[in-house]
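Here is the structure we will look at, set down as structure tokens.
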Amino acid sequence: MGKEELEVLRHSTAHVMAQAVKELYPRVKLAIGPPTEDGFYYDFDFDGYFSEEDLPRIEEKMREIVARDIPFVRQEVSKEEARKIFQERGEIYKLEILDDIPDEKVTLYWQGDFVDLCRGPHLESTGKVKAFKLLSVSGAYWRGDERNKMLQRIYGTAFFTEEELKRYLERLQEAKRRDHRRLGKELELFSTHEEVGAGLIIWHHKGVILRWILEEFERREHLKRGYQFVIGPQILKAELWKQSGHYDFYREHMYFTEVEGQQYALKPMNCLAHILVYKSRHRSYRELPLRLFELGRVHRHERSGVLHGLLRVREFTQDDAHIFCRPDQLEEEIRGVLHFVQEAMELFGFSYEAELSTKPEKAIGSEESWQKAIDALRRVLEDEGIPYRVNEGEGAFYGPKIDIKLEDALGRKWQCATIQCDFSLPERFDLTYIAPDGSRQRPVMVHRVILGALERFIGILIEHYGGAFPLWLAPEQVRVMSITDRHIPYGEEVLGRIEARGIRVKGDFRNEKLGYKIRQAQLEKVPYMVIVGDREMREGTVAVRSREKGDLGSMPLDSFIEEIWPQCQIPSLEGGDRT
RNA sequence: GCCGGCGUAGCUCAGCGGUAGAGCGGCUGAUUCGUAAUCAGCAGGGCGUGGGUUCAAAUCCCACCGCCGGCUCCA
């Protein structure tokens, strides 16, 4: 079944839901009700509240409307006529929408005496609506603007068959199983605590190992690409943030502290220290591009309602770098960063979406420099054949940017990599370099992250792999287990030899049945289990079990080690050697 | 920040005005058993926090904290 047909079905189902709600709660006013990627929603203005307990009742009414098999009737009318109809019905939101439609003619869709302003198309009749389910209720601002009234939104989904609906609901269940918040606890990667504060993560041993590996991967890749490593302080004087503009534009996200009458801010970004490194002496055009990298821990006071596991926190670590370059180097630098991102995403097996954000209303820098930067970003995206969406006017006030978004288990998109051009900070801090002719010139600054925030990236990684990390990322790569106590000495020897090769290995020599130990290792998602019993002891071998493939039989310990060893290593991307 | 929901043992949850329950996990014994759960016993809870209503509150009301789903905002 085509995507468009599914959209029509869902859109029609939204209308049926709206009619049901209208019949049950005649006082509600209709706002909007479009199909979405996974279903549909409808926004209502209501002087009460919907709760999830109301949904079965609404579904029942919907089924009744489906059973009535009312035809969807399309009617083309003038805007004036439409206005009259919605005025009579007190549908103030529809009137507002009408005001924004430039055309003289609009279309209405009728089902019995229910009417909605709608471009359509729709199904023939309500009887054609098939498998549907209402999923949740929530608040949503009218027109997505938080200054407007909050409306009541009901989400639902619809399919052509009950089987498809069932499959979708099962997928939601599966997503729950992959949820990084659940797996993070089960796999003992991290925890959060009410008494610590919202959005603050405590990393446990296994989570720290995972971070170390990623951090080491980052260091090697950045070193290869000609980045210099710097480390800035966690707090910097408020004065400096005033100079950068953060105090004016970003204050509500910042934490402040006062020491001996001097105000400091906990850094929400890493750029200032990097700028000061640049400024620490005169810079020649010869040393540009200067690429400064830091695994920088930042604090941002995010609004309480937006926090989400590891994916949106208040303290996080960015694989952050600032590239100071000549304007003529900008494109090449962007290209290098984008390659870097592409290779990294490929390594982890992520598919991603790219977005290009252009000049907003309120912006600094000349029209010309903006255009140049946007062209450079666009050219690189196109040369690389990366499909992208353009977000007109969504750029930062200091420059345009490319954002790379990854999906979590539920298909929600999260920004990870970003490449931002900046004309503002070089100006505010009067950054210069000496050009070949001896003149002072202004460098361009590129802010960029590859994985983004390590916390967020790990959250996405957990869901991506369902907690079953590939060998190189697995906090525990191998677990040795004994069958009975008499196999422990041999088990210890095997353990020692694996460990000596730098493989992360643990032993389970408890007096438990093998099946029990295996079950536990499987649940902990350890990639390889090495089992030693009488046979292995006698033959000097090990029995290997793979997390995915099960029992692989016996083999000499050395061949097992040699086979997995390469995959246990942190991989190296192809790029590098200067870009 | 806004809207709705939720917060009971380490975890998953039941109890929803009359003196706290289950499974898993933990501990202690027994068992030495070859590819996803051996058996038995024991311990463990200011029912998120603080107010209030009531003869009586895990249960009803209010505030705060935290979590969940959205909206807005963002790495």
Side-chain angles (χ1 to χ4, degrees), chain A residues 41 43 46 48-54 135-155 176 179 181-182 185-186 191-199 250 252-253 268-270 296 298 300-314 316-320 396 403-406 410 412 414-418 420 447-457 459-460 481-488 510-524 529 531-536 543-547 550-554:
Chain A
Y41 66 80
D43 287 348
F46 181 33
Y49 300 106
F50 296 121
S51 86
E52 249 145 73
E53 282 151 37
D54 299 322
L135 298 170
S136 60
V137 296
S138 78
Y141 298 108
W142 166 236
R143 300 204 144 162
D145 189 330
E146 65 178 324
R147 286 165 303 194
N148 288 341
K149 181 166 186 187
M150 184 158 266
L151 309 173
Q152 299 280 306
R153 175 172 297 181
I154 300 179
Y155 281 94
K176 246 187 197 165
D179 191 312
R181 292 164 300 190
R182 173 199 177 99
K185 181 174 281 192
E186 282 178 8
S191 60
T192 56
H193 304 261
E194 189 173 338
E195 56 272 43
V196 171
Y250 207 71
E252 66 276 25
H253 291 289
M269 297 182 191
N270 303 301
V298 295
R300 296 183 185 173
H301 183 86
E302 302 290 350
R303 294 160 113 189
S304 59
V306 306
L307 301 172
H308 184 96
L310 289 181
L311 300 183
R312 189 82 183 265
V313 292
R314 284 180 172 156
F316 56 99
T317 310
Q318 295 179 300
D319 58 340
D320 202 4
D403 292 325
I404 301 291
K405 298 193 169 179
L406 303 181
L410 276 173
R412 291 175 293 209
W414 298 89
Q415 184 176 321
C416 288
T418 178
Q420 311 180 340
H447 306 241
R448 45 104 289 177
V449 291
I450 304 298
L451 305 183
L454 247 35
E455 287 74 4
R456 175 176 289 181
F457 190 77
I460 302 250
M481 40 188 93
S482 52
I483 292 175
T484 74
D485 288 354
R486 67 176 173 280
H487 308 121
I488 295 177
R510 291 173 302 169
N511 173 18
E512 294 288 352
K513 290 177 81 172
L514 182 61
Y516 180 79
K517 296 187 193 182
I518 287 178
R519 176 182 158 77
Q520 213 158 346
Q522 283 290 145
L523 291 174
E524 290 174 40
M529 285 153 257
I531 297 144
V532 293
D534 287 338
R535 200 167 53 231
E536 289 71 27
V544 178
R545 182 190 161 96
S546 137
R547 177 182 64 193
D551 193 354
L552 300 180
S554 289

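Naming: A, B, ... by sequence-line order, numbering from 1 per chain.
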Can you tell me the Watson-Crick or wobble partner of [N], both distances under 3.5 angstrom?
{"N": "B:U19", "result": "none"}
{"N": "B:A14", "result": "none"}
{"N": "B:U28", "result": "B:A40"}
{"N": "B:C74", "result": "none"}
{"N": "B:C6", "result": "B:G66"}
{"N": "B:A56", "result": "none"}

Pair [X] + [Y]: basic N to acidic O under 4.0 Å:
{"X": "A:R153", "Y": "A:D43", "value": "yes"}
{"X": "A:R448", "Y": "A:D320", "value": "no"}
{"X": "A:D145", "Y": "A:R147", "value": "yes"}
{"X": "A:R519", "Y": "A:E512", "value": "no"}

Across the strands shown, which category fits [X] at heavy-atom distances under 4.0 angstrom: base, sugar-phosphate, nothing?
{"X": "A:G305", "answer": "base"}
{"X": "A:H308", "answer": "sugar-phosphate"}
{"X": "A:D534", "answer": "base"}
{"X": "A:R181", "answer": "sugar-phosphate"}
{"X": "A:A453", "answer": "base"}
{"X": "A:G533", "answer": "base"}
{"X": "A:V298", "answer": "nothing"}
{"X": "A:R545", "answer": "base"}
{"X": "A:F316", "answer": "base"}
{"X": "A:A521", "answer": "nothing"}
{"X": "A:R312", "answer": "base"}

Check every atom of [options] against the side chain of [X] and return the nucleotide holding the closest atom.
{"X": "A:R486", "options": "B:A37, B:G70, B:U32", "answer": "B:U32"}
{"X": "A:L523", "options": "B:A36, B:G4, B:G34", "answer": "B:A36"}
{"X": "A:R456", "options": "B:C2, B:G25, B:C74", "answer": "B:C74"}
{"X": "A:V306", "options": "B:A75, B:C3, B:G1", "answer": "B:G1"}
{"X": "A:R303", "options": "B:G1, B:G34, B:U32", "answer": "B:G1"}
{"X": "A:R412", "options": "B:G69, B:C71, B:U32", "answer": "B:G69"}
{"X": "A:A198", "options": "B:A36, B:C67, B:C73", "answer": "B:C67"}
{"X": "A:E512", "options": "B:G34, B:C71, B:U38", "answer": "B:U38"}
{"X": "A:Q522", "options": "B:G34, B:A36, B:A37", "answer": "B:A36"}
{"X": "A:Y155", "options": "B:C71, B:A75, B:G4", "answer": "B:C71"}

Next on the checklist: Can you tell me how the ring of A:Y250 sits relative to the ring of A:H253, calling it parallel under 30°, perpendicular over 60° and tilted otherwise?
Outcome noted: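 It falls in the tilted class, 30° to 60°.
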
OP1 or OP2 of [N] less than 4.0 angstrom from a side-chain nitrogen or oxygen of [X], does that happen here?
{"X": "A:R519", "N": "B:U35", "result": "no"}
{"X": "A:R535", "N": "B:U35", "result": "no"}
{"X": "A:S138", "N": "B:C71", "result": "no"}

Next on the checklist: Using O4'-C1'-N9-C4 for purines and O4'-C1'-N1-C2 for pyrimidines, with syn meaning within 90° of 0, is B:G21 syn or anti?
Outcome noted: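 Base orientation: anti.
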
Kindly say whether, by distance alone, the side chain of [X] makes a donor-acceptor pair under 3.5 Å with the base of [N]?
{"X": "A:N511", "N": "B:U31", "value": "yes"}
{"X": "A:Y141", "N": "B:G1", "value": "yes"}
{"X": "A:E536", "N": "B:G34", "value": "yes"}
{"X": "A:E302", "N": "B:A75", "value": "yes"}

Mind checking the [atom1] distance from [N] to [M]? Whole angstroms is fine.
{"N": "B:C60", "M": "B:G15", "atom1": "P", "answer": "12 Å"}
{"N": "B:G51", "M": "B:C74", "atom1": "P", "answer": "41 Å"}
{"N": "B:C68", "M": "B:U12", "atom1": "C1'", "answer": "16 Å"}
{"N": "B:G5", "M": "B:C47", "atom1": "P", "answer": "23 Å"}
{"N": "B:A9", "M": "B:G4", "atom1": "P", "answer": "27 Å"}
{"N": "B:C62", "M": "B:G26", "atom1": "P", "answer": "41 Å"}
{"N": "B:G18", "M": "B:C11", "atom1": "P", "answer": "27 Å"}
{"N": "B:A40", "M": "B:A36", "atom1": "C1'", "answer": "23 Å"}

Next on the checklist: Hydrogens and angles aside, do A:Q520 and A:R510 bring a side-chain donor and acceptor to less than 3.5 Å of each other?
Outcome noted: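 The criterion, which ignores hydrogens and geometry beyond distance, is satisfied for A:R510 and A:Q520.
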
Item to check | No-hydrogen, no-angle side-chain donor-acceptor test under 3.5 Å, A:E52 and A:S136 | outcome: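 No.
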
Whole-Å gap separating [atom2] ([N]) and [atom1] ([X]):
{"X": "A:R182", "N": "B:G69", "atom1": "CZ", "atom2": "P", "result": "13 Å"}
{"X": "A:Q152", "N": "B:C71", "atom1": "CD", "atom2": "P", "result": "14 Å"}
{"X": "A:E53", "N": "B:C16", "atom1": "CD", "atom2": "C1'", "result": "13 Å"}
{"X": "A:Y516", "N": "B:U31", "atom1": "OH", "atom2": "P", "result": "19 Å"}
{"X": "A:H447", "N": "B:C74", "atom1": "NE2", "atom2": "C1'", "result": "16 Å"}
{"X": "A:L135", "N": "B:G5", "atom1": "CG", "atom2": "P", "result": "18 Å"}
{"X": "A:Y49", "N": "B:G70", "atom1": "OH", "atom2": "C1'", "result": "15 Å"}

Checklist entry - On RNA chain B, nearest-nucleotide positions of A:G144 versus A:I518: which is more 5'? => result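 Upstream on the strand: A:I518.
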
Checklist entry - For A:R510 and A:V449, take the nucleotide of RNA chain B holding the closest heavy atom to each; which residue's nucleotide lies nearer the 5' end? => result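 The residue whose closest nucleotide sits nearer the 5' end is A:R510.
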
Item to check | side chain to side chain donor-acceptor pair (under 3.5 Å) evaluation trace for A:Q415 with A:R456 | outcome: CA-CA 9 Å; A:Q415 184 176 321; A:R456 175 176 289 181; over 6 Å; no

Checklist entry - Between the main-chain N or O of A:P268 and the side-chain N or O of A:R300, is there a donor-acceptor pair closer than 3.5 Å? => result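 Indeed, once roles are kept as given, a pair shorter than 3.5 Å links the two residues.
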
Checklist entry - Would A:R303 and A:E146 satisfy salt bridge (charged side-chain N to carboxylate O under 4.0 Å, His left out), going step by step from the backbone distance to the final call? => result CA-CA 13 Å; A:R303 294 160 113 189; A:E146 65 178 324; 2.9 Å; yes

